[in-house]
Amino acid sequence: MASAAAAKKVLKLAPVRKAPSVTEFGSVPIGHKPFAREKNSRLPIIPTRLKLHEFVPSRYENHYYDTVRDDVMYMNYIHERGPRPPPREIRLKWDPNDPYSKYRKNPSVGGDAQVLRRPPPPDTPENVTRLEKIQIHTMHKQAIGNKQELVGVIMALRALSGETERGGGHHAVEGVQVVRGKRSVGGWIRPNVPCGAKVEMKGQPMWDFMGSLVDFVLPRLREFEGVGLPYAGANPHKQSNISGVVSFGLPREAMQFFPQIEVNVDSYPKQYGMHIHFVTNAEGVGAQDRARALLSGFQIPFTRKQRS
Amino acid sequence: MLSRCRSALSTSSRRSLGARGLATPVYTDPAVHNIPHEAVDPPARPKRGAKPTINTGIVLNRAPFLTRDQTTFERAFQAYQGRLRRALHNPVAYDFYFKEGSILETRFRVEEMKREQAAFGPSFGKLDVLDVEKFEAQKLAAAQLAEQEGELEEMMPRVHEADTNKDYKSLDRAGMRNLYLLVKEKDTWRFPQGGLEDKELLHQSAQRNLYAECDQYMDSWIVSRTPMGVHTSSASAPGARPIATFFYKAHIMAGQVRPSNKVSDFMWLAKEEIEPHVDAQYWNGIKDMLSDY
């Protein structure tokens with residue numbers, strides 16, 4: 001009898017449990033203590049410092065790490081044997097330990113003529129050219145006379161970038177910012193007058209913007225031959241050449257080609273053009289060329305300007 | 001904290017920019033000039049043995065065209081981040097982006113409700129609807145619009161026929177991986193390669209050798225003029241010279257390889273599939289040039 005009962009007990013199976021999903025949630029976790037609230041807005045103050053990360057896999061980011069990064073490294077690699085020699089010391093240096101310097105100031109002397117000729121740092125696996133951020137900005141002339149005109153610009157940039165001010169907690173997302181005039185230029189602008197908007201994107205929003213620009217906008221632009229390269233034989237020692245930033249503008253007709261805008265293009269009072277800056281980590285002489293090589297890996301076309 | 005970081009960053013960048021004439025302070029920190037602590041002299045060259053014969057090889061790559069499959073951890077992490085983002089985002093300015101009572105607004109609100117419920121559970125994202133009949137009609141219209149836009153269309157499968165048939169010659173196989181071309185000469189598998197002609201540069205030789213072995217019926221591009229690696233094989237017979245092969249990375253964009261009479265067969269393989277086909281010494285020379293993904 002006892003053995004039969006034991007057998008029965010063994011045969012009774014535990015109920016089959018479904019593995020919990022990792023992407024769907026049944027309920028909201030309830031905290032032990034309610035959050036403190038901000039005085040004016042009554043919004044909860046989140047007690048931890050949050051930094052939000054990717055929430056969907058990004059096609060263009062994958063493409064960078066799978067393909068473009070290697071290619072850019074091979075294209076830009078400059079072989080150096082051994083460490084670089086220390087820079088030649090042309091002038092006297094201010095030595096704080098020298099008794100002569102005691103009670104004397106360290107006066108700043110003019111600019112640095114060599115800054116435009118400084119070679120890029122030695123190539124290492126860490127400093128392969130990469131995209132750090134994209135900034136877009138728009139100036140809207142009518143906004144100088146009428147502030148209300150800026151609303152459309154701000155909303156368009158919000159839709160384009162998906163960024164809002166401190167959207168997602170404490171981290172340093174500045175969202176769309178209003179640009180104000182800095183100085184007085186007769187008949188054009190006055191100081192502190194709002195005249196445009198700008199937004200900076202990093203991480204996922206940056207790659208998403210790159211995707212929509214390359215997949216939807218550039219192929220549909222009329223008479224777009226590519227981003228202009230400087231004339232052949234132009235002076236290479238320019239500030240823009242050593243900073244690793246590639247910039248170009250889009251005409252106002254381009255705005256409607258962004259899928260974020262296209263879906264409800266009638267909501268915007270006007271169409272706005274924009275300047276786009278791709279900021280990379282490249283530095284030193286030829287940095288802009290290295291940044292261009294990186295961007296052409298994402299199918300942004302470049303064409304050489306012709307002297308007419 | 002952030003502002004302190006930023007000010008520290010700005011001073012350091014000023015410092016790195018700053019050979020400022022007389023005002024330049026003396027830095028004892030060698031990192032300022034990128035000088036490593038130890039050696040200042042370049043490393044001594046190794047003693048020369050027999051001069052090798054120079055060959056060029058081409059690592060012809062088919063880049064991945066699908067996003068990678070996520071691991072369970074990655075999916076969980078991203079779902080959690082999405083949930084956080086949803087909880088902390090600023091409210092959407094409905095009244096700017098949508099005309100009140102439009103189909104587009106209904107569509108957005110219904111989709112948003114589904115997303116809210118997926119993130120926080122069924123008690124969230126309830127819509128307060130005044131005119132139920134009108135709302136239902138609009139919901140239908142929105143669904144129709146979504147269907148017209150092809151939202152319910154079935155997506156292409158991530159696994160291709162070539163994967164199931166184990167067709168190693170197809171460029172459609174293993175869409176998530178970097179594939180490399182291997183060719184068969186007599187009984188050995190290797191990358192396409194060939195010798196150097198008189199007064200020819202290495203990258204020109206690479207281009208010529210690629211065409212010589214794989215023909216011109218493909219759209220390919222050699223990435224750089226600098227080689228991605230070198231492999232030196234020991235001399236086959238006593239007294240013979242060793243062979244140094246400089247490898248160049250190339251991409252295939254369109255077309256397909258047609259093996260010439262020099263080679264008898266070809267395959268497109270991912271990194272770990274290459275190992276069993278090549279000999280151990282060759283594998284040790286090439287494995288670090290290939291992508292794990």
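Letters go in sequence order (proteins before strands), and every chain restarts at 1. Just so you know, these numbers use all the heavy atoms, side chains as well, and skip hydrogens, waters and symmetry mates.
- Between B:Y97 and A:Y268, the ring planes lie perpendicular to each other; the angle is over 60°, past the 30° to 60° tilted range.
- Around atom CZ of B:F65, more than 12 heavy atoms belonging to other residues, nucleotides or ligands sit under 6.0 Å away.
- When every heavy atom of B:K249 is checked against every heavy atom of A:D70, the shortest pair comes out as NZ-CB, 3.6 Å.
- For B:M156, the CE atom counts as loosely surrounded, since its 6.0 Å shell holds 12 or fewer non-hydrogen atoms of other residues, nucleotides or ligands.
- Atom NZ of A:K202 has 12 or fewer neighbouring heavy atoms from other residues, nucleotides or ligands inside a 6.0 Å radius.
- Taking CG from B:N61 and OG1 from A:T67, the interatomic distance works out to 6.5 Å, rounded to the nearest 0.5 Å.
- One distance of note links CD of A:E61 with OG1 of B:T67; it measures 12.0 Å at 0.5 Å rounding.
- With chain A as partner, the option from B:R177, B:Q70, B:R225, B:E74 having the largest number of non-hydrogen pairs under 4.5 angstrom is B:Q70.
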- Evaluation steps, side chain to side chain contact (heavy atoms under 4.5 Å, CB included), between A:D71 and B:H251: CA-CA 10 Å; A:D71 290 357; B:H251 284 295; 2.6 Å; yes
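- Proximity to chain A involves both the backbone and the side chain of B:F96, based on heavy atoms less than 4.5 angstrom apart.
- With chain B as the partner, the residue from A:P57, A:A159, A:G175 showing the most heavy-atom pairs under 4.5 Å is A:P57.
- By the 6.0 Å contact criterion, CD on A:E262 is enclosed, its count of non-hydrogen atoms from other residues, nucleotides or ligands being greater than 12.
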- Item | Intermediate values then yes/no, side chain to side chain contact (heavy atoms under 4.5 Å, CB included), B:Q81 and A:E54 | CA-CA 7 Å; B:Q81 289 298 329; A:E54 281 79 32; over 6 Å; no
- Item | Stepwise side chain to side chain contact (heavy atoms under 4.5 Å, CB included) test for B:V223 and A:M75 | CA-CA 7 Å; B:V223 170; A:M75 287 164 80; 3.7 Å; yes
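- Going from atom CG of B:N90 over to atom CD of A:E165 covers 7.5 Å, rounded to the nearest 0.5 Å.
- Annotation: B:Y80, atom OH; neighbour count of heavy atoms from other residues, nucleotides and ligands within 6.0 Å does not exceed 12.
- For CZ of A:R117, the number of neighbouring non-hydrogen atoms (other residues, nucleotides, ligands) closer than 6.0 Å is 12 at most.
- Residue A:E38 qualifies as enclosed at atom CD: its count of foreign heavy atoms under 6.0 Å is above 12.
- Salt-bridge formation is detected for the pair A:D66/B:R68: a Lys NZ or Arg NE/NH1/NH2 atom is positioned less than 4.0 Å from an Asp or Glu carboxylate oxygen.
- Rounding to the nearest 0.5 angstrom, the gap separating the CZ atom in B:F108 from the CG atom in A:N264 is 9.5 Å.
- Dense packing is recorded around CD of B:E149, with more than 12 heavy atoms of other residues, nucleotides or ligands lying under 6.0 Å away.
- Rounding to the nearest 0.5 angstrom, the gap separating the OG atom in A:S267 from the CG atom in B:L104 is 7.5 Å.
- Within the model, atoms CZ of B:R83 and CG of A:L52 stand 13.5 Å from one another, a figure rounded to the nearest 0.5 Å.
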